[in-house]
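Beneath this line is the structure, given in C-alpha cells, with notes to follow.
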Amino acid sequence: MNSGNITARLLRQFPQGAFSQLIGRASELRVPSLLLRPVIASFAKVYDVDVHEAEIPAQGFESFDDFFTRRLRSDARPLASGETIMAAPSDGKVIDVGPISGGGELFIKGQQYTFEELLGGEQDKRLQGGSFAVLYLSPRDYHRVHCPLDARVCRWWRITGTRHPVNALGMRFVPKLFASNERVVVHLYSEHVGDFYLVMVAAAGVGNIELSFDPECRNGEASRKQYSETDWPHLEKGEELGVFHLGSTVVLLTTKESNIIASVASGEMLRMGQALGHKASDE
C-alpha cells in the first residue's frame, strides 16, 4: 500500500465527529484571563493574526472561541460598492473559481462535483451554466460570514456529514470532500442579480456552524426551514449571515441568469468585503 492510500485510509478512520465535538467544547470553556491571554498571544504569533483589528471586550476574551469568532472594528473590512458587485462573504484563499457546466458539473481542485451533491440533493436547474467560487478560511482569518449582496433569505438547510479537514491534505485524499462534510446551505435572492446559494462547510475541529439570522439552525441536526413572503429575513450587503466556531470553507453557487463574472483568480487571498464578482452587463 502506497503512502497516498495509507493517508486516505487514516483520514477515513479518524474519529472526526468526536474530535470536532471535543475541540468545540474545549474552545468554549471559560478560562481565567491570566491563562487565556498567553494562549491567544501564541496562536496569534504562530498564525500571524492581526489582533489589533478586532473588537476586544472590556473584560477581554473569556474563551478561545470568543477570540476565534471575534468581531472586527467597523473600518476593518471596507465593502465593495455596487448593487450587482458581489462582495467576498468571508476572509479566505480562493481555492477555485469557475463555471458550472450545462450539465451541472464543476471542478474543485481537479475533483468533479455536481451542484446537487454540494446542496445535498437539491435540484435547481437554474444553476446549470452558472458559476462558483470556493473560499478556504485558515486559522488566521476572520471567521464570520457576511451576505455578499442585498438579499432576502428564501430558505436554509443543514446537511449532516463527516468532519474531514478541508486543508490541502483533506482536498487531496478525501474524495468529494465538500459534498461529504457537514454543511449548512442558505438559498438567497437578490433583486439585482437573482438566486444564489451560500454553502458553509464544516471541517475537523469545527464546533458549530451558526446562522446569525435564525437560531433554529442547530449544530449536528439535519434540519431545514423555508420562509414565506411575509417572514423571510432580509440581509443588507455586508450584514452578518453566519459564524464558524473554528475554521472551514465557503462555497458560492450562482445561477446562469445571474451571469456573474469572477473578479478573482484561484490562489488569491481575499478579505471579507472585497469584490468577488460582478454581473456581466456591468462591463
Same apolar cluster (I L V M F W Y, side chains within < 4.5 Å links), Tyr227/Tyr189: no

Taking NZ, NE, NH1 and NH2 as the nitrogens, is one of them in Glu182 or Arg158 under 4.0 Å from a carboxylate oxygen of the other? yes

Check the orientation of Phe61 and Phe67. Use parallel for under 30°, tilted for 30 to 60°, and perpendicular for over 60°. perpendicular

Can you run down the salt bridge (Lys or Arg N to Asp or Glu O under 4.0 Å) pairs that involve residues 143-156, sequence neighbours left out, and say none if there aren't any? Glu122-Arg155, Arg144-Glu240

Enclosure of Glu83 CD (heavy-atom neighbours >12, cutoff 6.0 Å): no

Flag if over 12 foreign heavy atoms under 6.0 Å of CD, Gln226: yes

Just checking Glu236: does its CD atom have more than 12 heavy atoms from other residues, nucleotides or ligands closer to it than 6.0 angstrom? no

Mutual orientation of the aromatic rings belonging to Phe68 and His143 [parallel < 30°, tilted 30-60°, perpendicular > 60°]: tilted

Please tell me if the side chains of Tyr113 and Phe132 come closer than 4.5 Å, counting only heavy atoms from C-beta onward. no

Separation of His146 NE2 from Lys237 NZ (nearest 0.5 Å): 14.0 Å

Flag yes if Leu127 and Phe178 sit in one hydrophobic cluster, no otherwise; membership is Ile, Leu, Val, Met, Phe, Trp, Tyr, and two members link when side-chain heavy atoms are under 4.5 Å apart. yes

So, does Thr162 use its side chain to make a donor-acceptor pair with the main chain of Ser180 at under 3.5 Å? yes

Without swapping roles, check the side chain of Trp232 against the backbone of Leu188 for a donor-acceptor pair under 3.5 Å. no

Measuring only between side-chain heavy atoms, which start at C-beta, is Leu241 closer than 4.5 Å to Met200? yes

Just so I know, are the side chains of Leu118 and Leu106 near enough to count as touching, which here means a heavy-atom distance under 4.5 Å? yes

Decide whether Ile95 and Leu119 are clustered together by the hydrophobic rule: side chain heavy atoms of Ile, Leu, Val, Met, Phe, Trp, Tyr closer than 4.5 Å, transitively. yes

Residue pair Phe64, Phe43: steps toward the ring pair (Phe, Tyr, Trp, His ring centres under 6.0 Å) verdict: CA-CA 10 Å; Phe64 186 79; Phe43 183 92; 5.1 Å; yes

So does Lys93 pair up with Asp141, basic N to acidic O under 4.0 Å? no

